[in-house]
Every structure is written in structure tokens, then in C-alpha cells.
Amino acid sequence: MKWEVSKISIPVFDLEESIKFYNFILGNDIETKINDVDSLDEYFVIGGNIELCLYKLKNQLSNNRILQSRRTFPTLALNDLDLIVKSLKDGGINYSINEYEKSIMIQEPGLNFIELVNLETSKTLSYREENNKWHFHHVNLECYDVRSSVNFVSQYLKMKEGTWKAPIELGEVNIKSNQLAIFNLDDNHSGIHINKADFTFSSRNNFMHNPTIGGHPAFNVKDIKLFIKKLKSSDIAVTDAKIYAMPNIHQIYFFDPSANIIEVNQNIN
């Protein structure tokens with residue numbers, strides 16, 4: 001099955017504050033006042049090679065009980081959505097249809113949301129520009145039972161599991177298949193990471209943040225040192241993990257205003 005990640009959706013509480021934050025770290029570094037922001041449900045951050053959507057969390061009891069994800073989730077563009085729908089129906093898997101977006105929404109066994117769209121009609125291709133300021137690298141989904149979630153994605157989404165490759169000097173990271181798995185888009189660990197929460201991860205690695213809890217999106221930039229300098233100049237606390245979990249990839253972690261962990265990394269050749 002041919003697939004891509006076409007959108008990452010991040011839940012936020014204060015949309016105006018989040019717009020300023022993400023425009024600062026990934027956009028034009030200009031904190032502009034957004035008029036009537038309270039009337040908006042979502043905002044798209046430009047400058048990257050995929051859609052990045054910030055969506056405002058609402059009180060579900062006051063919102064006609066419409067379900068919403070409290071975690072970051074991906075939109076996958078697949079080349080045969082009809083086959084996927086048939087697979088879900090045959091397996092008795094519940095899904096919801098968004099007629100406006102021409103998409104369907106599912107939850108894998110870890111209860112992470114995954115949106116599915118047709119690859120031929122997705123907007124991914126229009127975002128591919130060499131001068132993009134950032135690129136999607138991966139989305140990490142925390143799952144209670146890694147193998148159960150992997151088997152679900154393999155069986156119903158027809159995607160092939162890859163193999164995690166460790167760097168020469170591996171940090172205190174458990175890369176056993178029942179702890180960490182990958183559906184990779186390339187040989188650079190881009191794609192979907194599935195992991196089980198590792199409660200002592202941050203203390204073992206002397207990190208301020210624990211990226212195994214709650215899931216997170218990861219974006220690739222051209223100059224990680226300059227990026228770190230920008231964060232620190234605005235008093236944003238950073239875990240500089242350096243190269244520790246993936247070969248030749250310098251990783252950092254920080255929180256957004258809604259306490260979502262965000263990863264930014266750079267390929268180091």
C-alpha cells in the first residue's frame with residue numbers, strides 16, 4: 001500500500017496563543033494579532049511540506065457530544081481508500097465519515113485517532129517545495145500494546161512495518177518490538193512511530209521531557225543549532241537529546257502552550 005502523511009492535527013486550548021507560538025517557531029517569526037480568533041475552530045501553519053492544523057479543543061458536553069482527540073493525530077493519504085474501507089467493514093471496525101473533507105476517521109487499539117484520505121486527492125503534493133522552512137519527519141503515537149496497534153495498522157490499513165535502526169551510540173532507549181515500532185516512509189526513520197509509555201525514560205537519559213508519553217509530532221529543520229538558540233532566546237525550555245535514538249538525527253524536545261511535546265530534528269551527515 002502506497003501511503004504518505006498529508007496532515008498533522010494538534011489539539012490546543014488557547015488558539016490565539018498557539019497561533020503565535022507555532023508561527024514563531026515554524027513560521028515567519030512575526031507575532032501578528034489574529035482578529036476574531038475565538039470564532040475559529042482551526043488554523044493552518046504554513047511554511048512546511050504538509051498541512052499542520054491547530055484545532056481548538058471544546059467542551060464536549062456543550063458541543064453535542066462531538067468526539068475530539070486530546071492527542072496529536074495524523075492524516076494518512078493512501079492510494080486505495082476503497083480497499084481500506086472494505087477491510088474495515090469486513091473486520092467489523094467502526095469508523096466515521098466526514099463528507100466535507102472526503103475522509104474517514106478511525107481509532108486504532110491504543111485509541112489514537114487516524115484520519116484517512118485518498119492519496120490522489122490529498123493536498124500533500126502541493127506543499128513540496130525545496131524552500132520550505134520545515135518538513136514533516138514523523139508522528140509518534142503512544143499505544144498501550146504496541147504489537148496490537150502494529151497488527152491493526154498492518155491488517156486494516158495494509159501498511160508494512162519497518163525495522164528500527166539504532167545509532168552507533170544508542171541512548172537509554174528500549175527498541176524491542178513490544179516497546180517501539182515503525183512504519184517508515186524512507187530509510188531515515190520518517191513516518192509513524194508507535195511506542196509504549198516508558199516511565200523512567202527521561203530520568204535514564206537525563207531529559208527534561210519524556211517523548212514516550214502522550215505522543216508527539218516531529219519536524220525536520222535545516223539548522224538545529226540556530227533553532228535551539230531561537231527557543232532559548234524566548235525562554236522556552238529545551239531537551240537537547242543530540243543523536244541518541246536514530247542514526248545521524250539530532251533531536252530536541254520542548255512543550256507548546258498546551259503542554260503538547262514537540263520534537264524538532266536535523267539530519268546530520
Side-chain angles (χ1 to χ4, degrees), residues 1-11 50 53 55 67-81 83-98 103-117 119 136-166 173-202 209-218 245-246 251 253 260-263:
M1 175 66 65
K2 184 178 180 182
W3 63 279
E4 295 180 355
V5 176
S6 67
K7 181 170 71 175
I8 293 294
S9 298
I10 301 177
I50 66 166
C53 174
Y55 65 94
L67 297 179
Q68 58 186 344
S69 175
R70 179 59 186 88
R71 290 181 175 177
T72 295
F73 68 90
T75 298
L76 305 184
L78 304 109
N79 68 327
D80 194 342
L81 193 57
L83 175 64
I84 301 304
V85 172
K86 182 179 184 303
S87 174
L88 295 172
K89 287 181 177 179
D90 291 346
I93 305 300
N94 293 326
Y95 61 90
S96 63
I97 301 174
N98 185 329
S103 68
I104 66 173
M105 189 76 77
I106 62 172
Q107 284 185 294
E108 49 76 42
L111 300 184
N112 290 287
F113 280 60
I114 301 177
E115 186 179 30
L116 308 175
V117 298
L119 181 62
F136 166 79
H137 186 264
H138 69 266
V139 59
N140 181 294
L141 303 179
E142 180 204 320
C143 294
Y144 182 73
D145 184 324
V146 170
R147 297 319 304 170
S148 177
S149 294
V150 167
N151 292 338
F152 178 94
V153 173
S154 299
Q155 179 178 351
Y156 295 110
L157 303 189
K158 311 300 180 184
M159 293 163 54
K160 184 179 179 181
E161 182 184 6
T163 301
W164 192 272
K165 298 177 182 178
V173 184
N174 183 349
I175 61 173
K176 293 181 179 179
S177 63
N178 64 345
Q179 175 69 39
L180 180 63
I182 183 172
F183 289 89
N184 53 307
L185 289 166
D186 53 33
D187 293 329
N188 201 33
H189 286 72
S190 179
I192 299 173
H193 299 179
I194 294 177
N195 80 273
K196 184 177 178 67
D198 185 341
F199 301 122
T200 63
F201 187 93
S202 55
H209 305 83
N210 188 336
T212 74
I213 295 179
H216 63 266
M246 298 178 284
Q251 300 171 257
Y253 305 101
N260 296 298
I261 285 187
I262 307 298
E263 175 184 333

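The heavy-atom pair separating Asn184 from Gly162 by the smallest distance is OD1-CA, 3.1 Å. The nearest pair of heavy atoms linking Ile213 to Ala197 is CG1-CB, 4.1 Å. In terms of heavy atoms, Gln107 sits closest to Phe113 at NE2-CE1, 3.0 Å.
In this structure, Leu185 CG and Ile192 CD1 are separated by 7.5 Å, a value rounded to the nearest 0.5 Å. Tyr55 contributes atom OH, which lies 6.5 Å from atom OG1 of Thr72 (distance to the nearest 0.5 angstrom). Taken from CD1 in Ile182 to NE2 in His189, the straight-line distance is 5.0 Å, to the nearest 0.5 Å. The CD1 atom of Ile10 sits 14.5 Å away from the CZ atom of Arg71 when rounded to the nearest 0.5 Å. In this structure, Thr75 OG1 and Lys7 NZ are separated by 4.5 Å, a value rounded to the nearest 0.5 Å. Summarising the geometry, atom CD belonging to Glu161 is positioned 5.5 Å from atom CZ belonging to Phe183; distances are rounded to the nearest 0.5 Å.
Between Phe201 and Val173, some side-chain heavy-atom pair lies under the 4.5 Å cut-off. A heavy-atom distance below 4.5 Å is not found between the side chains of Pro217 and Asn260.
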Steps toward side-chain contact (heavy atoms from CB on, under 4.5 Å) verdict (Leu157, Leu116): CA-CA 9 Å; Leu157 303 189; Leu116 308 175; 3.8 Å; yes
Report the C-alpha distance between Asn178 and Val146 in whole Å, list the side-chain angles of each, state the deciding distance to 0.1 Å, and finish with yes or no for side-chain contact (heavy atoms from CB on, under 4.5 Å). CA-CA 6 Å; Asn178 64 345; Val146 170; 5.5 Å; no
List the steps and the verdict of side-chain contact (heavy atoms from CB on, under 4.5 Å) for Lys158 and Asp80. CA-CA 10 Å; Lys158 311 300 180 184; Asp80 194 342; over 6 Å; no
Give the C-alpha distance, both sets of side-chain angles, the deciding distance and a yes or no for side-chain contact (heavy atoms from CB on, under 4.5 Å) between Thr212 and Phe199. CA-CA 8 Å; Thr212 74; Phe199 301 122; over 6 Å; no
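Applying the side-chain contact (heavy atoms from CB on, under 4.5 Å) test to Asp186 and every residue at least two apart in sequence or in another chain returns Asn188, Ser190. Not a single salt bridge (Lys or Arg N to Asp or Glu O under 4.0 Å) links Glu263 to another residue, sequence neighbours left out. For Phe152, the ring pair (Phe, Tyr, Trp, His ring centres under 6.0 Å) partners are Tyr156, not counting sequence neighbours. With sequence neighbours left out, Tyr95 forms a side-chain contact (heavy atoms from CB on, under 4.5 Å) with Val85, Leu88, Lys89, Ile97, Ile104, Ile106. For Trp3, there are no ring pair (Phe, Tyr, Trp, His ring centres under 6.0 Å) partners, not counting sequence neighbours. Evaluation of the side-chain contact (heavy atoms from CB on, under 4.5 Å) rule for Asp145 yields Arg147, Ser148 as partners, not counting sequence neighbours.
In this structure a side-chain-to-backbone donor-acceptor pair under 3.5 Å is missing from His137 to Ala218. Judged purely by atom type and a 3.5 angstrom limit, Asn174 has no side-chain atom pairing as donor or acceptor with the backbone of Gln179. No donor-acceptor pair under 3.5 Å is formed between the side chain of His209 and the backbone N or O of Ile262. Here the side chain of Glu4 pairs no donor or acceptor atom with the backbone of Ser6 at under 3.5 angstrom. The backbone N or O of Tyr144 sits less than 3.5 Å from a side-chain atom of Lys196, completing a donor-acceptor pair. Formation of a donor-acceptor pair under 3.5 Å by the Asn112 side chain with backbone atoms of Glu142 is found in this model. Judged by distance alone, with hydrogens and angles left aside, the side-chain atoms of Asn210 form a donor-acceptor pair with the main-chain N or O of Asp198 at under 3.5 Å. In this structure, Trp164 contributes its side chain and Ala245 its backbone to a donor-acceptor pair below 3.5 Å.
For CG of Asp90, the number of neighbouring non-hydrogen atoms (other residues, nucleotides, ligands) closer than 6.0 Å is greater than 12.
Under 3.5 Å, the side chains of Glu108 and Ser149 contain a donor-acceptor pair of N or O atoms.
His138 and His193 have parallel rings, their planes meeting at less than 30° on a 0 to 90° scale where 60° marks the start of perpendicular.
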